[in-house]
> 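Here's a structure for you.
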Amino acid sequence: MIKEKLKRELKNYLFILSGSLILAIGVVGFLAPNKIATGGTAGLSIVLNYVSNIPIGLLLLFLNAPLLLISVKYIGKRFAFRTMISIISLAFFIDFFREIIHFPTLSTNTLLSTIYGGLCVGVGIGIIFKGDASAGGGAIIARILKDKYDIKPGTVILTLDILIVLLSAIVFKNLELALWAMLSIFVASKFIDLVLTGRKQNKIVHIASEDLNALKSIIASKMGISGTLIQGNDLSQTNQRNIIFLSINKNRIMTLKNLVERHDPKAYMIVLEATELLGSSREIK
């Protein structure tokens with residue numbers, strides 16, 4: 001039991017250090033040299049560095065330290081400690097690359113820097129999240145406001161990011177850079193989701209038909225898929241309406257569609273994105 005906990009904790013710290021390294025490369029190699037302010041305290045540090053010339057990593061520590069101290073009772077001691085390690089390692093990597101070894105600018109093209117900088121930030125933060133920690137900044141503030149005032153974390157983070165982007169437009173005196181920053185934040189958010197939930201290979205399918213019993217047997221025998229039959233009524237509660245609910249790889253959607261159409265051309269089929277699948281089986285049985 002102790003070995004398992006130790007192994008899990010070591011894995012968390014490996015995620016934290018790896019994520020911090022990737023995030024730092026995004027900031028130093030793409031975003032900071034091109035004055036593109038990503039979201040959170042990292043973006044704010046890029047803006048303040050331009051004004052004060054204080055190293056970005058040091059600014060990151062100054063901005064996050066009071067937030068971390070205030071947030072301990074809201075996020076728990078273990079999570080706070082891992083987040084502290086995340087912030088310290090991120091600050092170290094950024095200043096080590098930028099101030100000591102003078103890591104080269106990987107691109108001076110604004111579009112490429114925006115996309116690849118956002119990619120590195122998103123992947124880095126996603127990996128840090130997998131280590132059960134946070135990169136600090138907006139996530140900490142969002143957690144505090146959620147507990148105290150029941151404000152949605154997404155709303156808080158979005159508001160903070162918008163304010164940082166607007167500040168970057170004022171400080172850099174360039175509205176286009178602010179627009180690029182918004183694109184970078186969007187790219188980062190998509191890659192955070194990709195790291196946390198994986199590539200969306202599966203679809204959720206709902207099928208309504210007048211002959212569900214025969215249809216579910218055909219689907220099971222022809223495609224080897226076992227779904228779930230959900231029983232219910234229409235809104236007036238006068239007619240029984242049953243549907244087949246199943247998860248299927250997106251590559252097999254057309255095969256399923258053609259099979260359903262051949263059996264019942266009037267069947268109603270809804271296809272949804274499966275954003276996250278948990279458990280050993282990829283099919284809902």
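Residue numbers run from 1 in the order of the sequence given.
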> Applying ring-ring contact (aromatic ring centres under 6.0 Å, His included), name anything that partners F15, two or more places apart in sequence or on another chain.
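Once residues adjacent in sequence are excluded, F15 has no partner under the ring-ring contact (aromatic ring centres under 6.0 Å, His included) criterion.
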
> If you round to the nearest 0.5 Å, how far is CD1 of I207 from NZ of K257?
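Answer rounded to 0.5 Å: 12.0 Å.
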
> Mind checking what makes side-chain hydrogen bond (donor to acceptor under 3.5 Å, both in side chains) contact with S168, not counting sequence neighbours?
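Not a single residue meets the side-chain hydrogen bond (donor to acceptor under 3.5 Å, both in side chains) criterion with S168.
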
> Return the CG to CD1 distance between L272 and I270, rounded to the nearest 0.5 Å.
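Interatomic distance, L272 CG to I270 CD1, rounded to 0.5 Å: 6.5 Å.
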
> For N53, is the CG atom crowded, meaning more than 12 foreign heavy atoms sit under 6.0 Å from it?
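At most 12 heavy atoms, drawn from other residues, nucleotides or ligands, come within 6.0 Å of this atom.
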
> Can you list the residues that meet the ring-ring contact (aromatic ring centres under 6.0 Å, His included) rule with F96, with sequence neighbours excluded?
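F96 satisfies ring-ring contact (aromatic ring centres under 6.0 Å, His included) with F92 once adjacent residues are dropped.
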
> Backbone N or O of F79 within a donor-acceptor pair of the T83 side chain at under 3.5 Å?
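Side chain of T83 to backbone of F79: a pair is present.
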
> Applying side chain to side chain contact (heavy atoms under 4.5 Å, CB included) to I128 and L23, what does each step give before you reach the verdict?
CA-CA 9 Å; I128 290 170; L23 207 167; 4.3 Å; yes

> Please list, chain by chain and in numerical order, all residues satisfying ring-ring contact (aromatic ring centres under 6.0 Å, His included) with Y50, sequence neighbours excluded.
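Partners of Y50 by the ring-ring contact (aromatic ring centres under 6.0 Å, His included) criterion, ordered by chain and then number, come out as F172.
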
> Going by the rule side-chain hydrogen bond (donor to acceptor under 3.5 Å, both in side chains), which residues pair with N12 if we only count those two or more places apart in sequence or in a different chain?
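Residues passing side-chain hydrogen bond (donor to acceptor under 3.5 Å, both in side chains) with N12: none at all.
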
> So that I can tick it off, tell me whether E9 and K5 are bridged by a salt bridge, with the cut-off set at under 4.0 angstrom between side-chain N and carboxylate O.
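Result for this pair is no, no salt bridge flagged.
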
> As a quick check of understanding, evaluate side chain to side chain contact (heavy atoms under 4.5 Å, CB included) for I192 and F129, giving each step before the final call.
CA-CA 9 Å; I192 290 172; F129 283 167; 4.1 Å; yes

> Name every donor-acceptor pair, under 3.5 Å, that has one atom in a side chain of residues 131-141 and the other anywhere in the protein, sequence neighbours excluded.
from: D132; atom 1: OD2; to: R82; atom 2: NH2; distance (Å): 2.6
from: S134; atom 1: OG; to: G136; atom 2: N; distance (Å): 3.0

> Applying side-chain hydrogen bond (donor to acceptor under 3.5 Å, both in side chains), can you list everything that pairs with K190, at least two apart in sequence or on another chain?
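Per chain and number, K190 pairs via side-chain hydrogen bond (donor to acceptor under 3.5 Å, both in side chains) with no residue.
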
> Would you be so kind as to tabulate the donor-acceptor pairs closer than 3.5 Å made by side chains of residues 114-123, with sequence neighbours excluded?
from: T114; atom 1: OG1; to: T110; atom 2: O; distance (Å): 2.7

> Would you compute the distance between atom CD1 of I56 and atom CG of L90 and round it to the nearest 0.5 angstrom?
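Separation between the atoms: 10.0 Å.
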
> Which residues pass the side-chain hydrogen bond (donor to acceptor under 3.5 Å, both in side chains) test with T41, sequence neighbours left out?
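T41 satisfies side-chain hydrogen bond (donor to acceptor under 3.5 Å, both in side chains) with N64 once adjacent residues are dropped.
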
> Could you list the cluster mates of M182? Members are the ILVMFWY residues connected by side-chain heavy atoms closer than 4.5 Å, either directly or through other members.
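Cluster partners of M182: V165, I185.
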
> To the nearest 0.5 Å, what is the distance between CD1 (I219) and CG (L246)?
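Result: 6.0 Å between the selected atoms.
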
> Would you indicate whether the side-chain heavy atoms of F81 and M84 approach each other to under 4.5 Å?
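Yes; the side chains approach each other to less than 4.5 Å.
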
> Who are the ring-ring contact (aromatic ring centres under 6.0 Å, His included) partners of F62, not counting sequence neighbours?
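F62 satisfies ring-ring contact (aromatic ring centres under 6.0 Å, His included) with no other residue.
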
> Anything under 3.5 Å between a donor and an acceptor, one on a side chain of residues 99-107, the other on a protein residue two or more places apart or in another chain? List them.
from: H102; atom 1: ND1; to: R98; atom 2: O; distance (Å): 3.4
from: S107; atom 1: OG; to: N109; atom 2: N; distance (Å): 3.1

> Any donor and acceptor pair, going by atom type alone, linking the side chain of D95 with main-chain N or O of L58 inside 3.5 Å?
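At least one qualifying donor-acceptor pair exists.
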
> If I compare all heavy atoms of I94 with all of G57, which pair ends up nearest, and what's the gap?
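Taking every non-hydrogen atom into account, CG2-N, 3.9 Å.
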
> Atom CH2 in W180, atom CG in L111: separation rounded to 0.5 Å?
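It is 4.5 Å, given to the nearest 0.5 Å.
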
> Mark yes or no for whether D161, through its side chain, and G40, through its backbone, hold a donor-acceptor pair below 3.5 Å.
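Here the side-chain-to-backbone pair exists.
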
> Tell me if a side-chain donor or acceptor on N258 pairs with a main-chain N or O of M254 at a distance below 3.5 Å.
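Looks like yes, one N/O pair under 3.5 Å.
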
> Using only atom types and a distance under 3.5 Å, with no angle test, would you say the side chain of N174 pairs donor to acceptor with the backbone of E176?
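Indeed, once roles are kept as given, a pair shorter than 3.5 Å links the two residues.
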
> What is the distance from atom CD1 of I87 to atom CG of L68, rounded to the nearest 0.5 Å?
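CG of L68 is found 5.0 Å from CD1 of I87.
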
